[in-house]
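Given the structure is predicted, the values throughout are model-derived calculations rather than measurements.
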2 protein chains.
Amino acid sequence: MKMPESSSEKVVSFSKVKVACQECSLKEICLPVGVHVSDIEKLDRIIKRKKPLARAEHLYRAGDKFHALFAVRSGSLKTYVTTEEGAEQITGFHLAGELIGLDAIADSVHPVAAKALETTSVCEIPYESLDALSCKVPGLRQQLLRIMSREIRDDEQNMLMLGQKTAEEKLAGFLISMSSRYRQRGFSPYEFNITMSRGDIGNFLGLALETVSRLFGRFQTDGLISVERKHIQILGHNKLSMLAEAGCVHKNALEK
Amino acid sequence: MKMPESSSEKVVSFSKVKVACQECSLKEICLPVGVHVSDIEKLDRIIKRKKPLARAEHLYRAGDKFHALFAVRSGSLKTYVTTEEGAEQITGFHLAGELIGLDAIADSVHPVAAKALETTSVCEIPYESLDALSCKVPGLRQQLLRIMSREIRDDEQNMLMLGQKTAEEKLAGFLISMSSRYRQRGFSPYEFNITMSRGDIGNFLGLALETVSRLFGRFQTDGLISVERKHIQILGHNKLSMLAEAGCVHKNALEK
DNA sequence: CGATGACTTGACTGCTGTCAACGTGCGTGG
DNA sequence: CCACGCACGTTGACAGCAGTCAAGTCATCG
């Protein structure tokens, strides 16, 4: 417990402050995008580095009072809503560089819970301070709006996915989406480890976990992917993309 | 064409400027919420009132350059994405007081199209001006963030709806949602006219239009609603709510 | 009054959920 | 080191919800 590197209780130990936004490998996709170097320091000053979350630990729960946004520094989380009956619907998986908690600004209460899928560390960004700072730093304000806008746009895409697509198209779309998200983060888009279970994927896509399992099998037989537990290789990226985009042809042609 | 009231090309004719935000019945749910009276004037000055759109007319199309947000003043619109194959997925229906175009901020391009479902008038809010003003008016900046946050939260709810629910639950949820949105706007939550077609509803909910039609019939037989073409009466609001919330009990219990 | 589009209703099919049994990998404790 | 338990994942059988196709009705408008 003397070593500041380990899971110390002190969140502002010197060794952690060193990993400031400027040095962070995620500054290209995170909040600092479009913010001047001099201003990043100001941002840095309001950000708190928290000790890492263990797998299955909650960052916040549905109903918690909102006071800060969180940027995923490493690891991954899922966010989910729980119905009165206790069933959960996953609303998203969140990788390094992503900002979560944006849905809580409206009512100052978190409408969803966030749970770590693996050992995960996050940066805490107190909303009050961010709001104050965003007023002085135009680039920061714009980036925050861009991030929220992107979130809305992506959610619209997800609605399309959930509403119109077949199980096959959904899973293909999911894989392509994960692939490109890993690419953005500098990892191989053709080989990666997913951190969520089959059940999580199914829940997110609106499919039974058995269906996910079956489709993984079929995609593998068809030579589109190679899958061994959590390890995924994308072999037929093009075909998968086509599968994902496909569908929707059958549906009502509404054009008036 | 001489009458400034009618569909004049001049968007800043005196008669229209009179209907400023202060006098607008929507100021309680629109952008001015939380903005001081003195500041609303500033907001007013950047807002342009456009001539009304006719039914089926586009406000913007997918791929259009983004330059302004729009607030629905009266009437209603649908927003939708179109796939390469030409099929469309409706991403939302938008009533008076709602802000649309928020999903376009990220890339300065509209990812969806917006089309009037009936005669509809909107206020145009140039984004550049809004951004500049929001920097000076804290209440405005916060309200914009609140609105975007709410949009994200609502989209998450829609994902739950599309992913987990049965056709019956989806349609019940849709009706309850429309009901409460009309209530918010001062209309009866128990009797209203929907402005979209069965096909639109089905498309939005991820159902075939025939299924929507059948369910309307069944809900009517069960005494939950009374429906005649576009006119809807909610007779069993409680039962409908329960139907909408139900479901999801069967799904995977993921709790670790 | 006919044409057009919106809606309804019926018959049939198939995708995907459910239930159930079994296999696999990993951590724990003897 | 091995045996066990547990969570996770796979596979099979079956059934039902909702999509598709098709025909027919109804409302609106030129």
Rounded distance (Å) that lies between atom P of D:dA18 and atom NZ of B:Lys165: 13 Å
Could you go step by step and tell me if B:Val72 and B:Thr120 meet the side-chain contact (heavy atoms from CB on, under 4.5 Å) rule? CA-CA 8 Å; B:Val72 183; B:Thr120 297; 4.3 Å; yes
Less than 4.0 angstrom between a side-chain N/O of A:Thr211 and OP1 or OP2 of C:dG17, yes or no? yes
Does any N or O in the side chain of A:Ser179 come within less than 3.5 Å of the main-chain N or O of A:Leu175, such that one atom is a donor and the other an acceptor? no
Closest to side chain of A:Ala167, choosing from C:dT16, D:dC21, C:dG17: C:dT16
For the helix from C:dC1-D:dG30 to C:dG30-D:dC1, how many degrees between its two end axes (five pairs per end), to the nearest 10°? 30°
Could you state the atom-to-atom distance from CD1 of B:Ile201 to P of C:dT8 in whole Å? 10 Å
Can you classify the ring geometry of B:Phe174 versus B:Phe93 as parallel (below 30°), tilted (30 to 60°) or perpendicular (above 60°)? perpendicular
Grab the CG-P distance between A:Leu171 and D:dG9 for me, whole Å please. 13 Å
Which nucleotide in the set C:dG25, C:dC7, D:dG19 lies at the smallest distance from any side-chain heavy atom of A:Arg229? C:dG25
Is B:Thr166 close enough to D:dC17 that one of its side-chain N or O atoms is under 4.0 Å from OP1 or OP2 there? no
Over how many whole Å does the gap from B:Asp200 atom CG to C:dG5 atom P extend? 15 Å
Taken to the nearest whole Å, CG/A:Leu209 to P/D:dG12 is 16 Å
Winner on side-chain proximity to A:Ala208, out of C:dG17, D:dG19, C:dC7, is C:dG17
Side chains of A:His110 and A:Asp64: is there a donor and an acceptor less than 3.5 Å apart? no
Quick note, A:Leu207 side chain, CB onward, closest among D:dG9, C:dG17, C:dC7 is C:dG17
Nearest whole angstrom, please: distance from the C1' of C:dG5 to the CZ of B:Arg55. 10 Å
hbond_proxy A:Glu168 side chain to C:dC15 base (donor-acceptor, 3.5 Å cutoff): no
If you look at every strand shown and take non-hydrogen atoms under 4.0 Å, does B:Lys230 touch a base, only sugar-phosphate, or nothing? sugar-phosphate
Ranking B:Gly217 and A:Lys170 by the position along DNA chain C of their nearest nucleotide, the one closer to 5' is B:Gly217
Is the shortest heavy-atom distance from the side chain of B:Phe66 to the side chain of B:Val109 under 4.5 Å? no
Measure from the side-chain N and O atoms of A:Lys78 to the backbone N and O of A:Asp200, and report whether any donor-acceptor pair falls under 3.5 Å. no
N/O donor-acceptor pair, side chain B:Glu210 with base C:dC7, under 3.5 angstrom: no
Here the distance between atom P of D:dA7 and atom CE of A:Met196, to the nearest Å, is 21 Å
With respect to the phosphate group of D:dA18, does any side-chain polar atom (N or O) of B:Arg214 fall under 4.0 Å of OP1 or OP2? no
Can you tell which of D:dT10, D:dC8, C:dC7 lies closest to the side chain of B:Arg198? C:dC7
In Å and rounded to the nearest 0.5 Å, what is the CG to CD distance from A:Leu117 to A:Glu57? 13.0 Å
Go through the steps for A:His94 and A:Thr79 under the test side-chain hydrogen bond (donor to acceptor under 3.5 Å, both in side chains), then give the verdict. CA-CA 8 Å; A:His94 308 278; A:Thr79 46; 2.8 Å; yes
A:Phe216 CZ - D:dT10 P separation (whole Å): 8 Å
